[in-house]
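Chain identifiers are assigned alphabetically (A, B, ...) following the order of the sequence lines, protein sequences preceding nucleic acid strands; residue numbering begins at 1 within each chain.
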2 protein chains.
Amino acid sequence: MENKAKKILIADDEPDILEIISYNLAKEGYETYTAKDGNDAVEQARKLQPDLIILDIMMPYKTGIEVCQLLRSLPAFQDTLIIFLTALSDESSHIKGLDTGADDYVSKPISPKVLVSRVNALFRRINKEDGKTVTVGNITIDPVRFIVAINGSEIVLAKKEFELLYLLASKPGRVFLRNEILSQVWGTDVIVGDRTIDVHIRKIRQKLGVDCVTTVKGVGYKFEL
Amino acid sequence: MENKAKKILIADDEPDILEIISYNLAKEGYETYTAKDGNDAVEQARKLQPDLIILDIMMPYKTGIEVCQLLRSLPAFQDTLIIFLTALSDESSHIKGLDTGADDYVSKPISPKVLVSRVNALFRRINKEDGKTVTVGNITIDPVRFIVAINGSEIVLAKKEFELLYLLASKPGRVFLRNEILSQVWGTDVIVGDRTIDVHIRKIRQKLGVDCVTTVKGVGYKFEL
DNA sequence: TTTTGTGTAAACATATTGTTAATGGAAAAC
DNA sequence: GTTTTCCATTAACAATATGTTTACACAAAA
């Protein structure tokens, strides 16, 4: 399962931050490398072919966004994970820039724990999306093609529906608390109303036409045939 | 499981913020306490032994970081959850301090909803630990899947029924006083009538169909085959 | 017998979820 | 650039499961 250590390249012009991030990720078993500015980041990235690149937005020579755009234009970096570090003041002006292909962004000031957990989450997500098709009974859920199949016939789910179903089905039988579902599918910062999960559950049940999502009242939901 | 209310200590020198946070967390069922500066925070923390401490970084007498470091050096606070509140201006100068052992941080200005969801997430992470499957004879109680199985056939219990059974079965043979049961399953602040436990016990007996819950008259109940 | 504690069923209240329709926004099609 | 379609979310209400109390029966101890 846990194969070779993932390589992470961290680019920031503040040595302190580099050190803290590097230290904390190394402690988690990642192989860390650092770059001190935009040009350095590009160079190192080409050399190392890291699995994840953490880019500060504000850096000398090239901003994180420029680095990201440059790398994304290369075939070898299509699938490389990228996280932006943004000062809060950057936010509005640069959120658009996140459309350049970042997989997540973390705002400063940085809590090592938060960053580490985001990184872990990202790798988890990738590991799953990397071909981990879930099959339970006659139901197959393919995260690569974004398709659910029951006895061969394909069913199209919307994004949230799919993510929710995939989460539940990834551990069949296990109950997911509503909170858990929220933070896994919607994220910790997004707040949605109480009925949102229900509505999506209903759509899933409706579309699948098979009774495979069970309610555990007062607790949550589970996937089960 | 969802037992007694968690104690949360909130330390900030702005009364307004204290009130907002306190109000919103109390609404969620937490037991909230407040401290108005660093020294106060330390003192209250030692008195209350809260489950979670929310610390503003900038406070008179002692900063949140200092409070955190001080508490973390005490054995009693090794496992206490700590969240920092950081203003934007704190940023780089205090990032180092965040490695003192915070479990999360939330930046100002604070959205009550975000804070509440972070708090919930944090507690959820902790609660996850006690999800061990209990097996006694041919009865299996699995809190992860939320089912009870007798000889392989699954039995669905309601939440309270399940929690009650899980409590008893977690220490087979041991007698649980009615008081104990109340505080463990219902929590200390919930008041219910005398017959409530009985009714749940009866439902458990009824659903399980096996005589495994024994009455110890004048004392309580125990799980026993 | 009286007292005390428990078992049980039904009634009631509440909490939680299910469902539908409406809204606004984003993406896709034109 | 405009229209159209689809999706995520919310609000409002219905439906249901669950939790609690009530009332009384029953049993064991005092």
Side-chain angles (χ1 to χ4, degrees), chain A residues 95-96 98-99 146-148 155-168 175-187 189-209 211-223, chain B residues 1-3 27-29 113 117 120 146-148 155-168 175-187 189-209 211-222:
Chain A
I95 280 184
K96 280 274 175 191
L98 293 175
D99 235 0
F146 222 79
I147 276 174
V148 178
I155 295 165
V156 179
L157 296 186
K159 194 170 154 215
K160 281 275 189 294
E161 293 159 17
F162 188 90
E163 287 171 3
L164 176 48
L165 176 63
Y166 188 70
L167 172 67
L168 297 180
V175 177
F176 289 82
L177 313 184
R178 295 177 86 90
N179 273 336
E180 258 177 302
I181 294 173
L182 278 181
S183 62
Q184 294 284 326
V185 178
W186 275 265
D189 292 346
V190 183
I191 307 302
V192 292
D194 280 9
R195 300 270 66 72
T196 303
I197 293 180
D198 308 26
V199 172
H200 285 278
I201 291 281
R202 162 161 162 61
K203 285 189 199 143
I204 290 171
R205 285 172 172 156
Q206 198 170 254
K207 285 187 179 177
L208 294 197
D211 185 32
C212 57
V213 179
T214 307
T215 303
V216 181
K217 225 173 167 177
V219 185
Y221 295 92
K222 63 179 170 179
F223 183 90
Chain B
M1 277 197 160
E2 199 117 64
N3 34 24
K27 208 170 58 180
E28 281 282 302
K113 287 196 176 186
S117 93
N120 285 334
F146 220 84
I147 53 173
V148 177
I155 294 165
V156 178
L157 297 186
K159 193 175 161 203
K160 280 276 190 297
E161 293 160 18
F162 188 90
E163 287 172 4
L164 175 47
L165 177 62
Y166 187 71
L167 173 67
L168 297 180
V175 179
F176 288 83
L177 312 183
R178 297 176 87 93
N179 275 337
E180 261 178 303
I181 294 174
L182 277 181
S183 63
Q184 293 287 321
V185 178
W186 274 265
D189 39 48
V190 182
I191 298 163
V192 292
D194 279 14
R195 299 270 66 73
T196 303
I197 294 180
D198 307 25
V199 172
H200 285 280
I201 291 283
R202 160 160 164 61
K203 284 189 193 145
I204 290 171
R205 286 171 170 157
Q206 198 170 253
K207 284 187 179 178
L208 294 197
D211 185 33
C212 57
V213 179
T214 308
T215 303
V216 182
K217 227 174 163 177
V219 186
Y221 296 92
K222 64 178 171 178

Check whether any side-chain N or O of [X] sits under 4.0 Å from OP1 or OP2 of [N], and answer yes or no.
X         : N       : value
Arg202(A) : dT17(C) : no
Trp186(B) : dG19(D) : no
Thr196(A) : dT10(D) : yes
Arg178(A) : dT17(C) : yes

Measure the distance from [atom1] on [X] to [atom2] on [N] and round it to the nearest whole Å.
X         : N       : atom1 : atom2 : value
Ile197(B) : dT22(D) : CD1   : P     : 16 Å
Ile201(B) : dT20(D) : CD1   : C1'   : 15 Å
Ile181(A) : dT17(C) : CD1   : C1'   : 13 Å
Lys159(B) : dG19(D) : NZ    : P     : 8 Å

Nearest to the side chain of [X], heavy atoms from C-beta on, is which of [options]?
X         : options                   : value
Thr215(B) : dT17(C), dT20(D), dG7(C)  : dG7(C)
Val199(A) : dT17(C), dT10(D), dT21(D) : dT10(D)
Asp198(A) : dT20(D), dA8(D), dT17(C)  : dT17(C)
Val192(B) : dT21(D), dG19(D), dT18(D) : dT21(D)
Arg195(B) : dA23(D), dG19(D), dT20(C) : dA23(D)
His200(B) : dT20(D), dT9(D), dA15(C)  : dT20(D)
Ala158(B) : dT18(D), dT17(C), dT20(C) : dT18(D)

Relative to the ring of His200(B), is the ring of Trp186(B) parallel (under 30°), tilted (30 to 60°) or perpendicular (over 60°)?
perpendicular
Counting any heavy atom closer than 4.0 Å, what does Lys217(B) reach on the DNA or RNA strands: base, sugar-phosphate only, or nothing?
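Touches a base.
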Under 4.0 angstrom, heavy atoms only, what part of the nucleic acid is Tyr221(B) near: base, sugar-phosphate, or nothing?
sugar-phosphate
Residue among Val216(A), Thr214(A), Val213(A) satisfying side-chain contact (heavy atoms from CB on, under 4.5 Å) with Tyr221(A)
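Per the side-chain contact (heavy atoms from CB on, under 4.5 Å) rule, the option paired with Tyr221(A) is Val213(A), out of Val216(A), Thr214(A), Val213(A).
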Let me confirm one number: the CZ-CZ distance from Arg202(A) to Arg205(A), rounded to the nearest 0.5 Å.
10.0 Å
From Leu164(A) CG over to Ile181(A) CD1, what is the distance, rounded to the nearest 0.5 angstrom?
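If I round to the nearest 0.5 Å, the distance is 5.5 Å.
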Kindly indicate whether the side chain of Leu168(A), heavy atoms from C-beta on, has any atom under 4.5 Å from the side chain of Ile201(A).
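With C-beta onward as the side chain, the pair touches.
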